[in-house]
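In listed order, ligands and their atoms are each counted from 1. Side chains are part of it too, since the values below use all heavy atoms of this structure and drop only hydrogens, waters and symmetry mates.
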Amino acid sequence: MDSKREIFRITRRQFVTSSAAVLATSGFDHGANAGSAPVGQPSEQGKSGEKFGLGPGRGPFRVIIDTDPGVDDALALLLAMRSPELKIEAITPVAGNVPLDLTLPNALRMVEIAGRADIPVAAGARAPLMRRLVTATYAHGENGLGGAVFPEPTTKPVAAPAAEMIRQIVRKYPGEVTLITIGPLTNIATALNSDPELASMVRALVMMGGSLSGGNITPAAEFNVYVDPEAARIVFQSGIPITMVGLDVTRRTSLTDEHVRTLEAAQNPVSQAAAKIGRNAINHNRERGFLVGPNMHDSLAVAGFLDPAILKLQDYYIDVETTGELTAGETLGYSPVAGDLRRRPGMEKDAAATNMPIRGSAPTLASTKTSPVLRDKFVPNTKVAVEVDSARFFDLLIGRLSGSR
Ligand SMILES: [Ca+2]
């Protein structure tokens with residue numbers, strides 16, 4: 001085993017052991033011992049993507065896709081359903097970009113368009129854990145698909161609610177299921193809350209969400225985390241190996257007219273649907289005055305899982321602001337090897353890392369706390385995507401959707 005992986009594995013154990021969240025540690029063994037480590041695994045992937053990616057001949061990998069379609073969700077779902085590396089165990093819509101009454105049928109529409117009505121779709125949460133729902137119809141249109149209209153789906157959701165479905169599938173295949181989350185994290189947090197052992201059985205979680213470089217719905221917060229910051233905090237503190245594909249990289253993807261023309265030229269139902277959604281989204285973006293096409297936030301999370309060479313990842317301890325009057329949903333990234341906290345190279349991985357406390361805000365006079373220190377040393381809980389090969393990403397996305405690869 002790679003010595004760096006060994007270090008990560010140990011530090012993650014220590015993190016879990018010292019975490020306030022009560023979790024079994026054994027769940028991480030499967031990840032470290034797995035024959036391959038897709039995005040989300042505790043590994044050095046990202047530096048040598050081919051070594052840790054899904055790679056040819058591997059898989060299929062069991063995934064659950066938690067989603068709030070959503071323009072870019074729709075394309076992400078179509079990409080996933082066109083990817084033989086994935087065994088999609090369920091799709092679990094949640095309220096987010098638009099209410100559940102729209103995200104659920106939109107997910108069913110995508111399943112039907114892809115000819116994949118065999119995939120169970122389970123209805124998720126109608127509202128965040130502790131907040132009123134804020135939607136993003138300004139970006140996704142009133143129907144969630146940028147105004148692109150498709151027939152009413154005839155496929156029905158399964159009877160089980162999303163959180164229960166997630167729980168059942170993860171328990172059925174302990175250590176095998178990767179959660180790909182491209183909406184607010186309400187369903188995932190509800191599943192974790194319902195079953196304290198569940199987090200240790202999840203192989204990995206790849207999320208579109210968060211940002212270390214400012215938000216998109218407020219200056220602080222990315223939309224998915226903004227909608228349900230309490231849920232996001234539960235997920236980040238769960239001990240599940242997380243890969244965060246946030247605005248830092250998704251902002252560097254823009255769907256272009258040329259992409260849409262390629263989709264339009266391919267004569268298959270998936271490419272035609274993707275082209276229609278893409279065309280509407282580009283037009284909608286233009287009407288709003290934007291000079292570049294819409295970002296493909298969610299597709300990038302799926303693509304990064306399929307081909308880790310698309311993203312470069314860096315270890316962070318991520319926590320979520322939940323009490324800010326203006327900043328709730330901000331993701332804070334702590335790292336001894338990034339930004340202003342950099343030290344001499346020889347010190348970074350060892351002494352500096354273990355001696356770096358994780359600080360929160362100074363205690364108020366009304367508080368019984370006396371110290372702002374949340375953790376006395378740095379232990380990463382998330383691999384954050386910090387660079388993206390956008391051309392490689394669009395080659396995969398447009399290639400899969402048009403059926404050329
Ligand atoms: Ca989404």
Side-chain angles (χ1 to χ4, degrees), residues 63-81 88 90-111 121-128 133-148 162 166 179-189 205-211 215-217 221-229 231-232 235 242-251 253-255 274 277-278 280-281 284-285 293-305 329 331 385 393 397 401:
V63 300
I64 296 171
I65 304 179
D66 194 72
T67 177
D68 62 335
V71 166
D72 54 320
D73 298 78
L75 299 193
L77 287 170
L78 294 175
L79 168 63
M81 289 188 281
I88 304 173
I91 294 171
T92 51
V94 65
N97 287 323
V98 286
L100 185 71
D101 288 343
L102 292 168
T103 62
L104 177 58
N106 283 345
L108 292 167
R109 285 182 176 99
M110 293 309 118
V111 162
V121 176
R126 290 190 174 276
L133 177 65
V134 175
T135 61
T137 51
Y138 55 85
H140 296 263
E142 290 299 324
N143 76 346
L145 297 176
I166 292 166
L179 306 176
I180 300 179
T181 69
I182 55 178
L185 289 153
T186 319
N187 291 341
I188 308 298
L205 187 149
V206 182
M207 78 164 64
M208 189 283 132
S211 173
N216 56 356
I217 184 160
E222 178 280 329
F223 178 80
N224 287 341
V225 183
Y226 170 88
V227 169
D228 199 340
V235 170
I242 294 172
T243 300
M244 177 176 124
V245 182
L247 297 178
D248 315 296
V249 284
T250 66
R251 273 195 188 107
T253 64
S254 279
L255 190 71
I277 295 165
N280 274 271
H284 185 60
N285 243 38
N295 296 138
M296 292 292 102
H297 304 282
D298 294 345
S299 306
L300 184 59
V302 174
F305 182 75
T331 41
F393 160 61
L397 176 66
L401 294 180

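Side-chain atoms of Asn295 and Asp72 form no donor-acceptor pair, as typed in the model, at a separation below 3.5 Å. For the 3.5 Å distance criterion, the side chains of Asp68 and Thr103 fail to qualify, holding no donor opposite an acceptor.
The atom name of the N/O/S atom in Asp68 closest to the Ca ion (ligand 1) is OD1. Taking the Ca ion (ligand 1) as reference, Asp298 places its N/O/S atom OD2 nearest.
Separating the CG atom in Asn216 from the NE2 atom in His297 is a distance of 6.0 Å, to the nearest 0.5 Å.
At least one N, O or S atom of Ile182 sits under 3.0 Å from the Ca ion (ligand 1).
No side-chain heavy atom of Phe305 sits under 4.5 Å from any side-chain heavy atom of Thr243.
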